[in-house]
Amino acid sequence: MATLARLQARSRFLENQYYFRNSVVDAFRKKENCAAVKIQSWFRGCQVRAYIRHLHRIAIIIQKWWRGYLSRKHYQLKVEVAYYTMKMELYNAMAVRIQRRWRAYKVRKYCFNYFYYKQYLRAVSEANETVREILQEYAEIQESEEKKAELEREEKQRAEEARKMHYLLSTKQIPGIYNSPFRKEPDPWELRLQRAKPLVPQRRRVQQKQCAGLADWLACTSARSFPRSGSLPPINRKPCQGPFRNINEVLEQRYKPLEPTLRVAQPIDELTPARQEFQGQEWVRNISDKMFLPFSSHHKKEKYMPSLFSSSKYDPISCRKQGFRSENPGKWICDKDFQTVFPSVDLFSKYGKSYSRAGQIV
Amino acid sequence: MSQRQVLQGVISLLRPLLLDVVPTIQQTAALALGRLANYSDDLAEAVVKGDILPQLVYSLAEQNRFYKKAAAFVLRAVGKHSPQRAQAIVDCGALDALVICLEDFDPGVKEAAAWALGCTSRHNAELSQAVVDAGAVPLLVLCIQEPEIALKRIAALALSDISKHSPELAQTVVDAGAIAHLAQMILNPDAKLKHQVLSALGQIAKHSVDLAEMVVEAEIFPVVLTCLKDKDEYVKKSACTLIREIAKHTPELSQLVVNAGGVASVTDCIGSCRGNTRLPGIMMLGYVAAHSENLAMAVIISKGVPQLSVCLSEEPEDHVKAAAAWALGQIGRHTSEHARAVTHTLPVLLSLYMSTESSEDLQMKCKKAIKGILPKCTYLPALEPFLYGAPPNILKHVLGQFSKVLPHDSKARRLFVTSGGLKKVQEIQADPGSLLQEYINSINNCYPEEVVRVLPKEFEVERRRKRLLFFLTAHGTHLSFMSNPQCLPLLRSREATEAQ
């Protein structure tokens, strides 16, 4: 029993011991197992890795060769392409150079020629300068002409005034108003007055009537048909050398207007034809040729009886009639009437016109 | 109205006197009617209503020259006031009678008839057509050739009034051979005649290119240029008008004018005139410059720009200033050289645009001129004053120009900074995304970050890196910044930050 009790007490410890020893072994066993597994796995891993490495090496060699082959193929193509592009780029570059040159030329020559433009602008400015100069000259000429005209007008006006005021000229006795004795020199107006010609009052030009007959011939030989030297020859003409007479006198004599004598100038019987004309007009107009008598003398048919004193044979009335002729027409020399003429006294027709001074009153 | 009754009474008193036996009374009555009608439109209306005109027309054919002169005077006096009166004259058949008077021997009658025809045709095209249909034009051309100066003047005036309305009428006048005779008379010393002749040629030339070419073929250049030196203002004005009408049609005609030295003489003429007489000359320069850049350069070298700027600043009248502004705009809008020649006038143009006293037209023309010149202007010192005073719409263009020029020119960049322009640009307020903002950005991009940052302004972050790259790649800028003593401290600070 004691041993049973001892065994029973030990059985619990035996259980634990049995369990513990089994588990210890297990524990170790597990550990050892794990260790063995680890070693084996590691070794297997190395094996596999070596195998894979080997495979890799082989694969790399294959791939290397394959890639080399492919690349060499591609390299051909690439070289061709690169060559081609290189050539094309060269051509392009050359083409660009040509185009650049051409475009520069074209633009400079045709579109915008700078030098031509500069030349043109220079030409325009030169043209402007010339035009400006010409216009300036023109304006100056105009101004000077105007000024000259102005001065001439003033001068002319002053000359006219001087001619009108000629009477204010100073004489020897009396100094004129412009020649005051207190002045050193006479006033310019004084000098102008001295130079001026006095103004002659204008004569109205007489219209010459057109007379018939003799007067017509006289009219055509009148002063107008001969050239008169109204204008003098120019002042600056050189006087001809030699003992010549004064040209004005010569011209006066050469172109002397005709001055007919009294006898020739008027028709001497102008009164008679005028009377006859008048009578002819009246004869045309009159209804009857008889004289109109006043009604108071209508019944008087008596002839007038002159008085004794006025009816003598030798009365003064008959002297005044054309009684110097005989009353018998048979005794007449000619049948025409005597004319009431008297001879012109030729003495005075040459008065003041002869060449010599003989017989003139001094 | 009692005045009207009085008028009617007077007219009805004068009317029977026109039919009087004694010719002197007829003439005096006609003269009296003419003087009455001459005074005002009401009186002319009274004369028309008083049924005088048919009587006058009827007796125009028969009477002696004094009566014809007086009757033509009445017709002229009535017709000059308004188109209705002139229409009344046409309706009573006076035109035929007047044309018959034009064939009369006495120059006084011809003058009176021509003047009456001229006054009638002045108003509108239909009346001119009626005058032309009556056959007046060949007779007027004959009248021009007469020796009396007064008759020539009036005939030239009548032709000018006829041809001013339409091209067909001008063509009729040209077909009658008027141009040759008018061109001959340019040399006449009488000032009023020259004025009428030049205005007639101008009215003919203004309608079309063919007519202008015909006028030019009559060899008026360079004779017309002597008229520009005349003492009389009106002669100068009408000569400028003629040249303007010729030059405005085509570039070839402008070229012809330039080659004849017309631009120089017109410029001198502008200098010697004042006021309204300058206007045609200014417009002529504008038209010539508008055709092409060569012609604009020709205008510039003829010293046209100083003259125009003098006109712009001195003239009191707005329309003359507007014309000068327009002309300057036409000159400056072609290329940068043209703009450079005109830049000194830009401040004046701007001040006129901004001033409240200028008229609408003047402001519009100044604005157009500025907007035309600015896109071509590359001379930056002239543009900088614009940064300070200009309104936004002009500022946009100014900044656009800066943004175009600054990236390429390093000297300009330096000048821009030192003169304080960059600072001003930073101060400008602009809506993000607008054109103005883009320009400001591109200007800022030309400068490195520090320069822009020293001037107080905020920018966007992502652009800093861009600016840095810009600075690093733009060697020129780098060197210039190295040499500029002002920028050295900035550079040193930048290096310090980089070293850290």
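Since the model is a prediction, treat every value here as computed from it, not as a measurement.
Considering CZ of A:Arg122 and CD1 of B:Ile301, their distance stands at 10.0 Å, rounded to 0.5 Å. Between B:Thr267 atom OG1 and A:Asn128 atom CG the span is 7.5 Å, to the nearest 0.5 Å. The CE atom of B:Met297 sits 12.0 Å away from atom OG of A:Ser125, with the distance rounded to the nearest 0.5 Å. B:Ile300 CD1 to A:Leu121 CG: the interatomic distance, rounded to the nearest 0.5 Å, is 9.5 Å.
Counting non-hydrogen atoms of neighbouring residues, nucleotides and ligands closer than 6.0 angstrom, the CD atom of A:Glu277 reaches no more than 12 such neighbours. Sparse packing is recorded around CD of A:Glu185, with 12 or fewer heavy atoms of other residues, nucleotides or ligands lying under 6.0 Å away. Enclosure of atom NZ in A:Lys164 is not indicated, since only 12 or fewer non-hydrogen atoms of other residues, nucleotides or ligands lie within 6.0 angstrom. The number of heavy atoms from other shown groups lying within 6.0 Å of OH (A:Tyr116) does not exceed 12. Within a 6.0 Å sphere centred on OH of A:Tyr120, other residues, nucleotides and ligands contribute more than 12 heavy atoms. For CD of A:Gln76, the number of neighbouring non-hydrogen atoms (other residues, nucleotides, ligands) closer than 6.0 Å is 12 at most. Surrounding CD of A:Gln157 are at most 12 heavy atoms belonging to other residues, nucleotides or ligands under 6.0 Å away. Counting heavy atoms of neighbouring residues, nucleotides and ligands inside a 6.0 Å radius, atom CZ of A:Arg275 does not exceed 12 of them.
Applying the side-chain contact (heavy atoms from CB on, under 4.5 Å) test between B:Lys229 and each of A:Arg132, A:Gln136, A:Glu140 identifies A:Gln136 as the sole match.
If you measure heavy-atom distances from A:Glu126 to chain B, you find no contacts under 4.5 Å at all.
Listed by sequence position, B:Gln255, B:Val258, B:Asn259, B:Ala260, B:Gly261, B:Ala264 are the residues of residues 250-264 of chain B in contact with chain A, using a 4.5 angstrom heavy-atom cutoff. Residue-level contacts of residues 283-295 of chain B with chain A, in order of numbering, are B:Glu293, B:Asn294, B:Leu295; threshold 4.5 Å between heavy atoms.
For the residue pair B:Thr226 and A:Leu135, the shortest heavy atom distance occurs at CA-CD2, 3.6 Å.
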